[in-house]
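Note that these values count all heavy atoms, side chains included, but never hydrogens, waters or copies made by symmetry.
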2 protein chains.
Amino acid sequence: MEQGQTRNRSWDQELRSRGYRVTPQRQLVLEAVAALHHATPEEIAANVQRTAKGVNISTIYRTLELLDSLGLVAHTHLNHGAPTYHLATEAGHAHLVCQDCGKIDEASRETIAPLAQALDEGHGFETNVSHLTIFGRCRECRATDA
Amino acid sequence: MEQGQTRNRSWDQELRSRGYRVTPQRQLVLEAVAALHHATPEEIAANVQRTAKGVNISTIYRTLELLDSLGLVAHTHLNHGAPTYHLATEAGHAHLVCQDCGKIDEASRETIAPLAQALDEGHGFETNVSHLTIFGRCRECRATDA
DNA sequence: TTACGTGCAAAGTCTTTGCAACCAT
DNA sequence: ATGGTTGCAAAGACTTTGCACGTAA
């Protein structure tokens, strides 16, 4: 509760200070993103339906785009289709997606750090770790298939 | 010429040996993928239009899916929208996409190797390097923006 | 000859946009 | 009051699918 209020207050001000308004829809979307980890716009919409009368899907899209641009949430592409959103504060890890079974694992920032450093030094490139999704095959599928 | 024929012969047999037919459309699509690097289905369709009367867009999709499943081509997601295809033989590098200006750079397999090894040892995960796309900011945008 | 493959058109999925009504400030 | 926001519906981008005709083997 205490934590929740503290969090609310901070993104409230983040919005207001940039001239955006704080609306119930935006609050609900942010709460859904926090509750569901790696949620698609559809899943976020479904989650929000349960609490309130519902937030229109186009508002979900517009809100996610806004929160993403403000750096409050981040998204990555885990599968072929829809992107998944998560809180920016719980970012910092990359995703490992198995192309055989679809299982999703996480790799810590520390695991990625050497690569990020190499790309910085070799290409001057600043890696967005929380957006990073790595495709391949998981341990189980490697053992099974061949 | 010699090389072209050699390449043709090999994928011809790859198709036939698995019970698929060799058609002019499949040949054109594969040639387009070879000629255009990182091409979307639309771009491949456009390229094919110039040579022949045209290959229907749905055939492009079906052919790319087939060639991908056979391991003759590979695809990655460079931007928000359509995937891009390239020859499997010219794979082995990852892509660095600047989220500010959209510029695409390439990172060699050697640059990625330490990460791939770390993921193998730590997670038992086999990285698909040619599918790997890393988002972030390029040198120029980092210098300009801040 | 005979399945497999193609073209065409329609439908499907995911996302964006125009606009009038609404509400946070 | 007043300009950012929302809901709704229509449009848009990208991809898939059903079916009859065409063609590689």
Side-chain angles (χ1 to χ4, degrees), chain A residues 8-9 11-33 38-46 48-49 51-70 72-73 75-85, chain B residues 8-9 11-33 38-49 51-70 72-73 75-85 102:
Chain A
N8 281 350
R9 211 172 290 128
W11 68 263
D12 270 37
Q13 297 183 352
E14 181 65 29
L15 283 179
R16 273 191 271 262
S17 70
R18 304 213 196 182
Y20 297 106
R21 292 178 182 175
V22 175
T23 67
Q25 288 90 339
R26 287 177 177 166
Q27 189 166 339
L28 287 167
V29 168
L30 194 50
E31 284 172 3
V33 171
H38 307 146
T40 65
E42 289 287 351
E43 291 165 345
I44 291 166
V48 167
Q49 306 297 338
T51 313
K53 287 295 159 296
V55 176
N56 191 275
I57 187 69
S58 62
T59 299
I60 305 271
Y61 278 104
R62 284 189 280 228
T63 301
L64 288 173
E65 182 184 21
L66 175 67
L67 298 178
D68 203 334
S69 73
L70 292 179
L72 294 173
V73 306
H75 74 275
T76 189
H77 303 270
L78 295 182
N79 52 57
H80 176 254
T84 61
Y85 288 80
Chain B
N8 282 348
R9 210 173 289 129
W11 67 262
D12 270 38
Q13 297 183 352
E14 181 65 28
L15 282 179
R16 273 191 271 261
S17 69
R18 305 213 195 181
Y20 297 105
R21 293 179 183 173
V22 175
T23 68
Q25 287 90 339
R26 287 174 177 168
Q27 188 166 341
L28 287 167
V29 168
L30 194 50
E31 284 172 3
V33 171
H38 309 146
T40 64
E42 289 287 352
E43 290 165 345
I44 291 166
N47 178 278
V48 167
Q49 306 299 337
T51 312
K53 286 296 159 295
V55 176
N56 191 276
I57 188 69
S58 62
T59 299
I60 304 271
Y61 278 104
R62 284 189 280 230
T63 301
L64 288 172
E65 182 184 22
L66 175 67
L67 298 178
D68 203 335
S69 73
L70 292 179
L72 294 173
V73 307
H75 74 274
T76 189
H77 303 270
L78 296 184
N79 52 57
H80 176 255
T84 61
Y85 289 80

Report task. Taking only the side-chain nitrogens and oxygens of A:Asn56, find out if one of them lies under 4.0 Å from OP1 or OP2 of D:dT6. Result -> no
Query raised in the report: Mind checking what makes side chain to side chain donor-acceptor pair (under 3.5 Å) contact with A:Thr76, not counting sequence neighbours?
Result: A:Thr133
Query raised in the report: Is there any salt bridge (Lys or Arg N to Asp or Glu O under 4.0 Å) pair reaching into residues 15-27 of chain A, and which pairs are they, with sequence neighbours excluded?
Result: A:Asp12-A:Arg16, A:Glu14-A:Arg18
Query raised in the report: Taking CG from A:Leu70 and P from D:dG4, how many angstroms apart are they, rounded to a whole number?
Result: 15 Å
Query raised in the report: A:Leu66 has an atom CG; how far is it from atom C1' of C:dT16, in whole Å?
Result: 16 Å
Query - Contact letters for nucleotides 16-21 of chain D, in which S counts primed atoms plus P, OP1 and OP2 and B counts the base, heavy atoms under 4.0 Å - result: BBB---
Report summary line: In whole angstroms, the gap separating P of D:dT5 from CZ of A:Arg18 amounts to 13 Å
Query raised in the report: Between B:Gly19 and B:Thr59, who's closer to the 5' end of DNA chain C by nearest nucleotide?
Result: B:Gly19
Report summary line: Sorted by chain and residue number, the side chain to side chain donor-acceptor pair (under 3.5 Å) partners of B:Asp68 (sequence neighbours excluded) come out as B:His75
Query - Nucleotide D:dG7, atom C1' - distance to CD of A:Gln49 in whole Å - result: 12 Å
**Report entry** B:Val55 backbone acceptor or donor facing B:Thr59 side chain under 3.5 Å
**Finding:** no
Report task. Could you walk me through whether A:Val33 and A:Leu64 pass side chain to side chain contact (heavy atoms under 4.5 Å, CB included), step by step? Result -> CA-CA 9 Å; A:Val33 171; A:Leu64 288 173; 3.9 Å; yes
Query - B:Glu65 side, atom CD; B:Leu70 side, atom CG - distance, nearest 0.5 Å - result: 10.5 Å
Query raised in the report: Looking at residues at least two apart in the chain, or sitting in another chain, which of them share a side chain to side chain donor-acceptor pair (under 3.5 Å) with B:Thr23?
Result: none
Report task. Only counting residues at least two apart or in another chain, list the ones meeting side-chain contact (heavy atoms from CB on, under 4.5 Å) with B:Thr40. Result -> B:Glu42, B:Glu43, B:Ala82, B:Thr84
Report task. Using five pairs at either end of the helix from C:dT1-D:dA25 to C:dT25-D:dA1, determine the angle between the two local helix axes and round it to 10 degrees. Result -> 40°
Return the polar atom pairs (N/O with N/O) between nucleotides 23-25 of chain C and the protein under 3.5 Å, or none.
residue	atom	partner	partner atom	Å
C:dA24	O3'	A:Val22	O	3.3
C:dA24	N3	A:Arg21	NH1	3.3
C:dT25	OP1	A:Arg16	NH1	2.6
C:dT25	OP1	A:Val22	N	3.4

Query raised in the report: Could you give the NE2-to-P distance, from A:His77 to C:dT15, as a whole number of Å?
Result: 9 Å
Query raised in the report: In whole angstrom, what separates A:Ile44's CD1 from C:dT15's P?
Result: 11 Å
